[in-house]
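These notes concern the structure reproduced below.
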Amino acid sequence: MTRNLQTSAPAASAAVRSFEAQWRTRAADSLSPVREQAMMRFLKLGLPTVQDETWRYTNLRSLAGQSFSDAPRKTRGDIEPHASLSLLNANERAATLLMVNGHPLLPASDTTINGIEVNTIREFSRLEPKLMRRYLEPLSDTDQQRFTLLNTALFVDGLYLKVTTEVATPLVILHVSTGDGLDTVAYPRVIIEAAPHSKATIIEHFVAQGEHTPLNNSNTLIALKEDSQLEHYRVYATGAGATHLDSLDIRQEQGSRCKQFTIVLGGGVVRAGLEAHLGQPGATLDSYSLLVGHRDRHVDCVNTVTHGARDTHSNQTARAIASDASRVIFNSKVIVNAGAVHAESRQSSRGLLLSPSAEIDMRPQLEIHADEVKCAHGATVGRLDPDMLFYMLSRGLDRDTAQSLLVYAFLADVLTDMSVHSARASIENALISQLPDSQVLRNFR
Amino acid sequence: MLLQIADLHARVAGKDILKGVNLEVRAGEVHAIMGPNGSGKSTLAQVLAGREDYEVTGGSVTFEGRDLLTLPAEERARAGLFLGFQYPVEIPGVNNVYLLKAALNAKRKAAGEPEVDAYEFLALIRQKMKFMQMSESFLTRGVNEGFSGGEKKRNEVLQMLVLEPKLAILDETDSGLDIDALKVVSAGVNSLRDPARAVVLVTHYQRLLDYIVPDRVHVLSGGRILKSGDKSLALELEAHGYDGVLGAQVA
């Protein structure tokens with residue numbers, strides 16, 4: 001097929017022109033029609049600006065001025081063995097699948113790991129082109145989808161996982177970014193399908209090997225079939241220079257349950273989108289966001305949960321802390337479609353400011369088009385409770401220790417709901433290292 | 001002299017509350033401070049413990065000869081001062097026992113002692129909890145989280161027993177207690193009585209003083225101690241009320 005597209009408007013930014021240049025280098029594959037459609041739509045939309053509703057807080061102007069080229073492919077030998085930086089301790093680790101700069105590096109032989117079928121998207125799309133195209137079609141036309149469109153157009157390969165049974169041990173996908181230059185870009189793509197009545201835990205962990213890591217334009221799709229259950233983590237633990245434009249799409253069928261943790265402990269600019277469609281009766285989503293603003297990190301989390309059928313349930317718990325000059329935004333919108341009677345949704349968003357120059361914005365929103373629904377939301381942003389602090393000081397605790405304990409307690413609502421204990425312990429450790437007086441705090445646990 | 005308060009003035013939210021408090025407490029003594037609502041009893045307790053938003057506008061407080069007012073709250077605690085809160089705050093997510101262990105270790109560190117051994121600590125706390133008739137579930141709960149009013153007060157006394165302060169200021173530790181709990185709490189306080197320590201009880205009711213017999217009773221009213229006496233003063237207050245005892249001084 002031809003690689004000639006209607007090119008972008010003359011005013012296109014350097015970044016967009018470089019994405020187009022990448023597009024021209026891509027070989028045709030079985031996904032080309034859907035990719036081409038995606039690229040056209042991306043070019044039509046262009047990069048978001050602060051005029052776009054969900055991009056109000058994240059200005060991509062400096063990104064727009066850069067040109068990006070593909071981050072290099074790597075071999076296993078290029079990756080430090082303990083780049084595993086794994087969240088799991090040895091006895092709990094089922095398997096770690098490696099994605100380096102967006103390219104899957106799978107062991108040649110294994111195609112099934114403890115009840116999870118593992119394949120590359122390329123390979124799977126040769127087997128099931130129709131199904132794959134359906135998975136790659138974007139859910140909606142909103143401005144949040146732009147970077148998913150870009151990813152769809154430009155990802156070279158990705159991971160396709162199918163959970164077929166009840167899997168006890170968690171599976172880790174380790175996304176490694178290598179320090180090959182801030183002017184490179186990676187397009188990690190993961191598709192997870194949970195077959196009817198299956199159950200699994202999958203942890204996506206974004207880490208860096210080296211400093212100047214690529215722009216990460218990643219997307220994960222989770223498709224939950226009837227009565228399946230998935231606990232999914234995405235943990236950002238890259239360096240301060242890293243930029244993530246990540247999106248997660250969750251599509252849920254009848255009676256399915258998804259427990260999702262979005263944990264930001266790293267990165268310089270992290271844009272984490274989540275779009276969930278509870279498309280059939282009885283689908284339940286529990287979403288947790290643990291957002292840590294540290295130094296000058298910028299975290300922009302945008303959740304959109306659509307109740308598309310009756311008796312669907314969603315719970316969103318967001319806890320944000322911001323220290324130094326960091327900024328954390330948590331934007332969550334719940335849409336209850338007409339006909340989604342007896343839908344129930346709850347949003348609890350709390351922010352804790354730890355420095356006068358930090359900023360937190362919490363914006364829960366509701367859009368209800370059905371009757372007989374129960375929707376609740378609450379959002380607060382504050383500082384440490386002076387009564388709690390005084391109580392602890394009056395017992396002789398150091399101010400730093402008292403503050404750290406209170407911060408830690410503030411995040412407990414999210415931490416205690418994590419079922420994978422070793423992941424929780426690792427996350428706590430990483431978290432604590434970003435709090436004042438971390439050593440003392442470690443002694444508490 | 002363990003504690004010496006001279007002409008203490010303090011202000012809360014722009015309002016003068018303490019208007020010249022004088023009080024001397026010797027080691028080994030138990031003092032009761034009584035007084036009508038709004039007389040400044042709790043303010044006095046909080047000021048002594050080092051609450052920052054309570055502004056001291058005059059006077060002095062010395063504790064074992066040191067100027068207490070220049071010390072931050074945590075250092076006062078490590079020096080041996082303990083405040084039992086009238087309304088102990090709930091801190092969900094911070095384990096009750098962790099807090100206590102941290103408190104004890106902070107004090108030991110300040111005294112140049114090694115940290116308490118985890119096993120010994122658990123044994124100690126179990127023993128004290130048994131004495132305070134508290135269930136083991138308190139070991140795992142958040143600080144005061146979901147505790148009833150009475151449980152919170154027991155927890156305050158438990159903390160006091162573990163920390164063994166030189167001076168305990170108990171702010172209405174008796175309020176909200178039924179008679180059984182009152183006996184337990186009183187036994188806790190009495191167990192701490194020794195020639196090297198002192199207790200200041202802030203209370204509304206004479207009832208507590210049947211169980212913890214004070215050496216001195218003071219009536220605080222309008223931000224000043226207007227009358228002091230021995231334990232019979234409490235009985236007098238019970239019989240005649242503050243107006244009856246203080247007469248024209250209140251007005």
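Naming: A, B, ... by sequence-line order, numbering from 1 per chain. For clarity, every value in this text was computed on a predicted model and none was experimentally measured.
- Your options are B/A73, B/A79, B/P72, B/A110, and the one with the most heavy-atom pairs under 4.5 Å with chain A is B/A73.
- Using a 4.5 Å cut-off between heavy atoms, B/P165 does not touch chain A at all.
- Judged by a 6.0 Å distance limit and a 45° cone about the ring axis, B/R141 is positioned over the six-membered ring of B/F138.
- Checked for salt-bridge contact, A/K259 and A/D286 miss the test: no charged N lies under 4.0 Å from a carboxylate O.
- With respect to the salt-bridge test (charged N to carboxylate O, under 4.0 angstrom), the residues B/D174 and B/K153 do not qualify.
- Most heavy-atom pairs under 4.5 Å with chain A: of the set B/K109, B/Q46, B/E156, this distinction falls to B/E156.
- With salt bridges taken as basic N to acidic carboxylate O contacts below 4.0 Å, none links B/R78 and B/E74.
- Within the 4.5 angstrom heavy-atom criterion, no atom of B/E75 approaches chain A.
- Contact of B/R76 with chain A is not made at all, since no heavy-atom distance falls under 4.5 Å.
- Contacts with chain B were tallied for A/G396, A/A412, A/A409; A/G396 has the most, counting heavy-atom pairs under 4.5 Å.
- Contact count against chain A (heavy-atom pairs under 4.5 Å) is highest for B/I91 among B/L100, B/N105, B/I91.
- Because its NZ or CZ atom is not both nearer than 6.0 Å to the ring centre of A/Y236 and within 45° of the ring axis, A/R234 does not count as a cation-pi partner of that residue.
- Classification of A/D387 and B/R51 as a salt-bridged pair holds, one side-chain N sitting under 4.0 Å from a carboxylate O.
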